[in-house]
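Okay, so here's the structure we're looking at.
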Amino acid sequence: MDAVDSAEGPEVDDRQPPTKIGDVKWSGDIEPVEPLREIWGTDQTAEGGNRHRINGTGGFSSFERYNRATIMSATATGGRSRVRRSWPAFWQRQTRRVARLQWQRRRTLLVVVLMAGVGLGSSGVNAVSAAGASHGVRAQSAEAATINADAGRLASQYRGNRQGLLEAGRAGLAAGRNDATVAEFLKLAWARRLDAALERNGAMLDSVHDQQVALGVAGVRYFASQIHTGLLRAGSGQLIIVSLKAQELIAYERGRVIVDTLVTTGRPALPTDIGAMQVLSKDAPWTMKSPWPRGSAEWYPDTPVQMVVWFTQNGEGLHDASWQPNSTLGPGSQNGPYASHGCIHVPLAAVRLLFDWAPIGTPVVVYPGDGSPVADQVAQQSVDAQGNPTSGVRGD
């Protein structure tokens, strides 16, 4: 990386705010809620079947006799006198009694319907849960079948070559761990389950039984592939990753490799920061100016570059380095004479492509890439949650 102009430094284009690193959106349709239906309708039959239509309207059959004119009179019967009752009072009592009976029947039916609804609801929930569990079981069965089939092929391919089988397993384990580290830096929580499965299968590589080793290698290959595929499908579709161990930069767009090139990162005294960062701004051309004073061990003269893609605010960027032969890029070059002051030296053809291709906000993940467990690689992070370095200034 080249030094940032000590007077002004790289400017961040705030007209295009950086996108959130690792931001993943999911969409789904919300089912409309079905309107509640009335429990009672004018044509429904009441409990016990004693409700029917009278003159085109719903009503109890016992009401029919009150539709006719009735004359009530007192008579002398058995020495007893019958007291004449007023028609309005009798009608009110009968109406109240019928209404009370009607309410009791409706309440009973309502309770039954509600209880049935609760039962059906519980059954529905249980059915959905069972369906989800069944799907999970089927998925696990499919995983196991795929791994077992691959284990059989591996056992046949490496018969009598246990060392070759182990090397294949260890290479797959390292690759899976590296991809899982990138996913963790991007806060892709789904990768954690796959990484745990990767480690479980990786532990089987220490078995003394060849068949168990073959099964472990097959499992490692399967879950490493799942992590890699998921990583390429996540986020905005554009991603730049840089492995410090391999001194390699790969740029992806929706799973397709756009750039794959060897690079040179920061020297041991000024290593390139580790973690999830993003493209902040771009300049072409640019003159790198040493942020260290003349006479300092890290000072360097003004150095022009054709273009730079800045990914931190402390002076780290992807840029060409005309003074470094392309043949010197790659593994170990971070310790050699052309090692940067924190920037990432990229071949001119590659940086030209990246300059035009990567919009502001494109995630840039720098990771150790040494194949160690995810926790060990993440522990080397030197940027905060927003991608701001905590390591101090950097330069060319």
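Starting from 1, each residue takes its place in the sequence as its number.
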Counterpart residues, side chain to side chain donor-acceptor pair (under 3.5 Å), relative to [X] (two or more places apart):
X      : answer
Trp299 : none
Glu184 : Arg192
Ser322 : none
Thr390 : none

Any donor-acceptor pair under 3.5 Å linking the side chain of [X] with the backbone of [Y]?
X      : Y      : value
Ser333 : Gly330 : yes
Ser382 : Ile274 : yes
Asp260 : Ile250 : no

For a quick test of reading the model, state the closest non-hydrogen atom pair linking [X] to [Y] and the distance between them.
X      : Y      : value
Leu270 : Val393 : CD2-O, 4.3 Å
Asn335 : Pro268 : OD1-CG, 3.4 Å
Ala269 : Pro271 : C-CD, 3.5 Å
Ala224 : Gly176 : CB-CA, 3.8 Å
Val279 : Ala358 : CG2-CB, 4.3 Å
Trp323 : Pro304 : CZ3-O, 4.3 Å

[Y] and [X], any side-chain heavy atoms less than 4.5 Å apart:
X      : Y      : result
Asn388 : Val383 : no
Pro325 : Tyr338 : yes
Gln226 : Arg193 : no
Phe311 : Ile240 : no

With [X], which residues qualify under side chain to side chain contact (heavy atoms under 4.5 Å, CB included), at least two apart?
X      : value
Ala183 : Leu188, Ala191, Leu231
Ser225 : Thr229
Ala350 : Val259, Thr261, Val346, Pro347
Ala284 : Met307, Phe355

| query | Using 30° and 60° as the class limits, which term best fits the ring planes of Trp292 and His341: parallel, tilted or perpendicular? | reply |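 Tilted: the ring planes of Trp292 and His341 meet at 30° to 60°.
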| said: Let's go through Gln211 and Leu215 carefully: what are the C-alpha distance in whole Å and the side-chain angles of both, what is the deciding distance for side chain to side chain contact (heavy atoms under 4.5 Å, CB included) to 0.1 Å, and is it a yes or a no? | reply: CA-CA 6 Å; Gln211 185 175 4; Leu215 192 62; 6.0 Å; no
| message | Counting neighbours of CD on Gln157 that are heavy atoms of other residues, nucleotides or ligands and sit closer than 6.0 Å, is the number greater than 12? | response |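 Counting neighbours around CD of Gln157, more than 12 heavy atoms of other residues, nucleotides or ligands fall under 6.0 Å, so yes.
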Pairs under 3.5 angstrom only: tabulate donor-acceptor contacts from the side chains of residues 140-150 to other protein residues two or more places apart or in another chain.
unit_1 : atom_1 : unit_2 : atom_2 : d
Ser141 : OG     : Val137 : O      : 2.9
Thr146 : OG1    : Ala142 : O      : 3.0
Asn148 : ND2    : Ala144 : O      : 3.1
Asp150 : OD1    : Arg221 : NH2    : 3.3
Asp150 : OD2    : Arg221 : NE     : 3.0
Asp150 : OD2    : Arg221 : NH2    : 3.4

| With no hydrogens and no angle check, do the side chains of Thr265 and Gln247 hold a donor and an acceptor under 3.5 Å apart? |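 Indeed, the side chains of Thr265 and Gln247 share at least one donor-acceptor pair under 3.5 Å.
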| If you measure only the distance, is there a donor-acceptor pair under 3.5 Å linking the side chains of Asp273 and Ser391? |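 Yes, a side-chain donor-acceptor pair sits under 3.5 Å.
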Given the rule that I, L, V, M, F, W and Y join up when any side-chain heavy atoms are under 4.5 Å apart, are [X] and [Y] in one cluster?
X      : Y      : value
Tyr252 : Leu186 : yes
Val365 : Leu262 : no
Val351 : Leu329 : no

Give every donor-acceptor pair under 3.5 Å between a side-chain atom in residues 160-171 and any protein atom, sequence neighbours left out.
unit_1 : atom_1 : unit_2 : atom_2 : d
Asn161 : OD1    : Gly164 : N      : 3.0
Arg162 : NH1    : Asp210 : OD1    : 2.4
Arg162 : NH2    : Ser207 : O      : 2.6

| Candidate pair Gln313 and Leu280, rule side chain to side chain contact (heavy atoms under 4.5 Å, CB included), full reasoning | CA-CA 8 Å; Gln313 295 180 344; Leu280 298 177; 3.5 Å; yes
| message | I need the full list of salt bridge (Lys or Arg N to Asp or Glu O under 4.0 Å) pairs touching residues 194-203, with sequence neighbours left out, sorted by first then second residue. | response |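 Those involving residues 194-203 are Arg177-Glu199.
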Please output the side-chain donor-acceptor pairs of residues 366-380 that fall under 3.5 Å, not counting sequence neighbours, one pair per line with the distance.
unit_1 : atom_1 : unit_2 : atom_2 : d
Asp370 : OD1    : Ser372 : N      : 3.1
Asp370 : OD1    : Ser372 : OG     : 2.7
Gln377 : OE1    : Gly369 : N      : 2.9
Gln377 : NE2    : Asn178 : OD1    : 3.0
Gln377 : NE2    : Thr181 : OG1    : 3.4
Gln377 : NE2    : Ser372 : O      : 2.9

| said: As a test of understanding, state which of Thr272, Val242, Thr362, Thr312 forms a side-chain contact (heavy atoms from CB on, under 4.5 Å) with Met277. | reply: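 That would be Thr312.
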